[in-house]
> 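Dumping the structure here so I can ask a few things about it.
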Amino acid sequence: MAATISSLPAPRAPAEPEPAFEPIQREELVSYYRNLFPFNQLVQWLSYPAEVPPSKIKQEATESFSSAVISASASHYLARREFAIVLQPSGAAPGTEIFRRHLSFLDSGALRRAIIADHTVRFEVGAIHPRPPNLNRPASGKTAFLSASLPLERELVFDIDMDDYDRARSCCSGKQCCRRCFGYIACAGDILTTALREDFGFERTLWAYSGRRGAHLWVADRRARLLTPDARGAIVSYLNLASEGDDGHFRILGPRLPPTLRARAIIRRHFERVVLRDQNAFNHAKTLAFIESILSVALSRDVYARVRDEWNRIGTGPDSLERWAALERLVPGEACDTLMFAFCHPRLDVQVTRQTNHLLKSPFCVHPATGRICVALSTEELADFDPEAVPTIRSVERELNRSETADREPADEADFTTRNIHRTSLRRSLLTLEAFLQSLQPAAMPSE
Amino acid sequence: MQAATRKSAGHLPLQLEAEPGSPGAAPPQTPHRPGFGPAARGPFSGATPSRFVNAAELGNTLTMYTEMPQDEVALDEFYDYCMRRQRLLQEIDNAGVRHPPQSSGFKSCIRAALTAARFNITPLNTSSVLRNDDTLMEAIRADRISHWGLRLGYVTNDEKLTWLLEKEALLFNFRFEELPDKMAFLRDNEFNFEVVSKAERQLLASHLAAYSVKEETPVFKVPFERVPGLVGSRMVAVQAGIAFVPINMIGDLAGFEFRQRLRASLLAVRLALPSMEDDVRAVAIVRQIVDGATAASDAAANWSADMLIRANQVDSLANHFPPCMREMHRHLNTVHHMKHTGRRQFGLFLKGLGVPMEESLAYWKRAFGPKIAPDAFDRNYAYNIRYDYGREGSRTQARPFGCRSIILGDPPARGSGPHAIEQHGCPLRQSKEPELRRLAQSYHLRDAEMPSLLAEVQGSHYQFACGRLLRSMRQSRAQATKAPGTEAPPPVDDDIRPISHPNEFASISMGINRSSGAARFFASARFREGAVGADGAARQDDAGAHSKRHQTESAAPPAAASNVSMADLADLDL
């Protein structure tokens, strides 16, 4: 069908193969986690120290009937948090990984020591359990105790992956991801955080770049952390704005409902820049095929033929603004809405959000295949985030080496990594994390 | 009301003090001792001891079962109550397979099952309770005792617990919808939810209108966590964490509360169960009922635990596989690769078939051979197979997926390129008509039956459709061995049983050629109990597959048969 539209440029030459990424050496990892990784701030977040006054803990513990919960909730929030470490055994081929689950640590120092000692590539953060997960590791040959692995609390998390946008991308596909792709994540992030704030009352959110082609959203409000899997599933399905049938029939769910109308307004704000300018979606064979598959269902044959004639008349341009304007002029609003949602609706991974015992990579880890740091981001920062300009394990190491005053010896453990980070381009990301920590302070928390 | 006052000989009150096996050794010391379940020691957390003194205290006919009945009950009466409830729940389960939930067909099935089980207490409200209607009082008593009784049998594992929870919630929802005065029920059960005031309504007017809430309908303010179903399907407005639930949707809320409270209570029963030795008879009776009903499907999964199937035998067994497994087997043999969910579904099926871990590893390695080098296989795939056999990770014994989880699971993703194709799930659900015809042909389905199959698939009755394929395959095989001229009886649709587990399908199919361990067990257990039904002998070959039959036929007085069959069931239910 695309062939009937004249003067279509040849599809972009496949992106030149990325320069082969030199596998990360164990020494580089040790140096990064020793000198730069912000363990103190991360652990401060994950243990919510200032959140619940001791008296409230006691009261809550009395209300819940299990004695296991009482002893556990009264102390050591962090110790009950599951961590998983992914490490590269010495001498093994690059890419070989060992995954260790059910770990827990008493404080940031213990976490840091374990990460450095094990030559960790990356580590993941799990849920809060009734008792420290490392005590629950089953002895070999034994089955795990029944109720031991039921998580009590877990941040509400979302995972958006660019793979799921493949048909809407003219620039990249699969594992690739550039600044222009990321516009979709910015739009999805906008829709998500607005709905979470206005409809569910969740305000304490932090984004983290996943290191290659996606982003994670962490929602840290106490009420969000206590949600059951069913309630999490309900939120995901509430936030899921569109469905695609097997026959390619694309439907907006609840098109007249307030959350959908609000999302539509947000998509409108992003659509011009992301889809029309950055992707130039109406001028590329791949995205035109996607548009065709949607419009051919949504429009009658005559109308669609008229649209194509008009597009042919307009011809290709530096952006898709004119072809979009023609479409808006010629066809009913619903078809345009369907198209906007098809391109921009948030693609969410249900299982990651629903399952409370799912693990998610910690912010500030290193992605083993790209060397990029999984930087923390605020929702505002998503809009002009460029994944290809993210600090990498090598770039920050260089910056640190260039700085003459770098603290190489952990004379004062509490501060030296923070001082080091401020000497590198990770500084901005650390400030984002610290602002997020600030939002978790009791002063910023209205009584729930 | 109390068993202690009953005259019939042999009807013994269930006593905490009574030694099992020496009935009457300890006569009732206080008439007010709990009937069953040592409530005095508080195993049913949250339960306040109470007794039925008179009808007025009973209050509403519908209950959240927060209070354990404290009157005494005769053993045979207790057995009868629990058996009736077990059958009722089973019927609700079957109704759910035949009809979509909340459909009128579903409701009339439940109504019929309630009447059959004599638990039909719903349409009557408090006023008729006050009339002291004896039949009704008896039904209420049986309803409450049997509910608490069945709990004992269902808390033993997560799967059973979830099953009980789901069926009880469906029953509750049905009864709730029939209630004449829902508000009174909500009030009595402490649903303290605020109603939206006039002033708030004005602020919310456009919001509520978008969800087509009429102006005069009362709307409740509920934390959104309490109505996940309504929130997830965008049936209600949500703002700042509050869901606005109009009264016509309040059933969802009541149902959710019921589930929550029941789940908490069941988990508490589970924790207390090991300490309930005194009630060994009550527990034993319920176990017998519950295990009798569930053993069949468990047995289907483990039917060949005494058999050993080797890696090179799998291919020759493929014609006994249900459609899902046949498709995956075909896929594996042509593409020589399978994605994770498929490996799990098919791998666990093989485990249930009796393929031990080493053989399974060998089988997969060979199947992947043309694509994946042996050392790459060991590195990337062997772990998950060992995991399925409980040798890695949490070291729990994974069980083969049942039809329900296969059907309700995420459908396979269809990417481009053979490697990107997932092949798990239920092909009856996922296939279009031409594929279904091809599938039906491979099971020798008569053309005359094709419209029924398509109708079943259309109506989402995949488990029935699967049962139809099984029947057709068996008939065609029977035909092949029969002398020419003897015609098979024309197919009657009543004959079809829904398939609940892929291993059940396979074991029935293989059972034609050799009698399975489970089938042997059920046959002998039935004879020992001396309660063979009229059709028992004729259908022995597939007795292991049909839970209901065993259940009906084992409805003999427990005292005589329980020891014998309990021991066997314990062996079987590994």
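Order of the sequence lines fixes the chain letters, A, B, ..., with proteins taken first and strands second; residue numbering starts at 1 for each chain.
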> Can you tell which of B:I242, B:L230, B:V231, B:V227 has the highest number of heavy-atom pairs within less than 4.5 Å of chain A?
B:V231
> Among A:R256, A:E198, A:R197, A:Q351, which residue forms the greatest number of heavy-atom pairs with chain B at distances under 4.5 Å?
A:E198
> Look up atom CG in A:D230 and atom CZ in B:R259, then write down how far apart they are to the nearest 0.5 Å.
7.0 Å
> Out of curiosity, B:M235 CE to A:L257 CG, how far, rounded to the nearest 0.5 Å?
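CG of A:L257 is found 10.5 Å from CE of B:M235.
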> Could you please spell out the steps behind the side chain to side chain contact (heavy atoms under 4.5 Å, CB included) verdict for B:F224 and A:D199?
CA-CA 10 Å; B:F224 80 91; A:D199 298 349; over 6 Å; no
> Which atom pair, heavy atoms only, marks the closest approach of A:A234 to B:P228?
CB-O, 3.2 Å
> Among A:L261, A:I235, A:V236, A:N240, which has the most heavy-atom pairs under 4.5 Å with chain B?
A:N240
> So does A:R251 have more than 12 non-hydrogen atoms from other groups sitting under 6.0 Å from CZ?
no
> Minimum heavy-atom separation for B:A240 and A:R223, please, with both atom names.
O-NH1, 4.2 Å
> Give a yes or no on whether the backbone of A:L253 and the side-chain of B:R234 come within a donor-acceptor separation of less than 3.5 Å.
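Answer holds: no.
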> Who wins among B:H207, B:R226, B:R379 for the most heavy-atom pairs under 4.5 Å with chain A?
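Ranked by heavy-atom pairs under 4.5 Å with chain A, first place is B:H207.
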> Nearest heavy-atom pair of A:P258 and B:A210: which atoms, and what distance?
CD-CB, 3.5 Å
> Is it the backbone or the side chain of A:F202 that comes under 4.5 Å from a heavy atom of chain B, or both, or neither?
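Contact with chain B: side chain only.
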> Roughly how far apart are B:E225 CD and A:L226 CG, rounded to 0.5 Å?
8.5 Å
> Please classify the contact between B:S206 and chain A as side chain, backbone, both or neither, with a heavy-atom cut-off of under 4.5 Å.
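Neither part, no heavy atoms under 4.5 Å.
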